[in-house]
Each structure stands twice: as structure tokens, then as C-alpha cells.
Amino acid sequence: MSATVKADVTAAYGEQAQPRLLHITPVKGTFYYGSCDGTFYAGTRFLLTPGSTEASRWPCRTTVR
């Protein structure tokens, strides 16, 4: 998996979350991607990184299409 794809998925998840999550990183070994009926997907679990706020302290998981 390229670093660019991981960065794009992480940014997309952070932007769609409410509140927006700026301080997250994928959990090592949990990043998956593929396609189903022509729809591409990526999924991972996220960890909070230094600088995260109290509002963002919940289990971070997503699938981005």
C-alpha cells in the first residue's frame, strides 16, 4: 500500500468526521483496500496522535468509498 493512498484515506476520514479529526494515524497492519462491483474501498482503524482533543477520544474506525 502506497503512503499516498494511506494519507488520502486518513485525510478523507478526518474531514468527514464530526468534529474533524486532524490528529489520527492508521493502526499498523489494519489497512485494507480493494473493489467490489466497480466501487473502490479502503478501510482501517485509526489511533489518535499527540494534539488530539477530548472530543476526538473515541474508537476510530472507517471505510471510505
Visitor: Return the set of residues passing side-chain contact (heavy atoms from CB on, under 4.5 Å) with T4 (not counting sequence neighbours), or none when no residue passes.
Guide: S2, D8

Visitor: Are any of the side-chain heavy atoms of T44 and Y13 separated by less than 4.5 Å?
Guide: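 No - every pair of side-chain heavy atoms lies 4.5 Å or more apart.
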
Visitor: Report the C-alpha distance between F46 and T30 in whole Å, list the side-chain angles of each, state the deciding distance to 0.1 Å, and finish with yes or no for side chain to side chain contact (heavy atoms under 4.5 Å, CB included).
Guide: CA-CA 9 Å; F46 292 101; T30 67; over 6 Å; no

Visitor: Heavy atoms, side chains only, cut-off 4.5 Å: are T49 and I24 in contact?
Guide: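 They are not in contact (no side-chain heavy atoms under 4.5 Å apart), so the answer is no.
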
Visitor: What pairs with T25 under side chain to side chain donor-acceptor pair (under 3.5 Å), at least two apart in sequence or on another chain?
Guide: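 With sequence neighbours excluded, T25 shows a side chain to side chain donor-acceptor pair (under 3.5 Å) to no residue whatsoever.
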
Visitor: Looking only at heavy atoms, which two atoms of F40 and S35 are closest? And how far apart?
Guide: CD2-CB, 3.7 Å

Visitor: Looking only at atom types and distance, does a side-chain atom of S52 sit under 3.5 Å from a main-chain N or O of H23, one as donor and one as acceptor?
Guide: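 No.
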
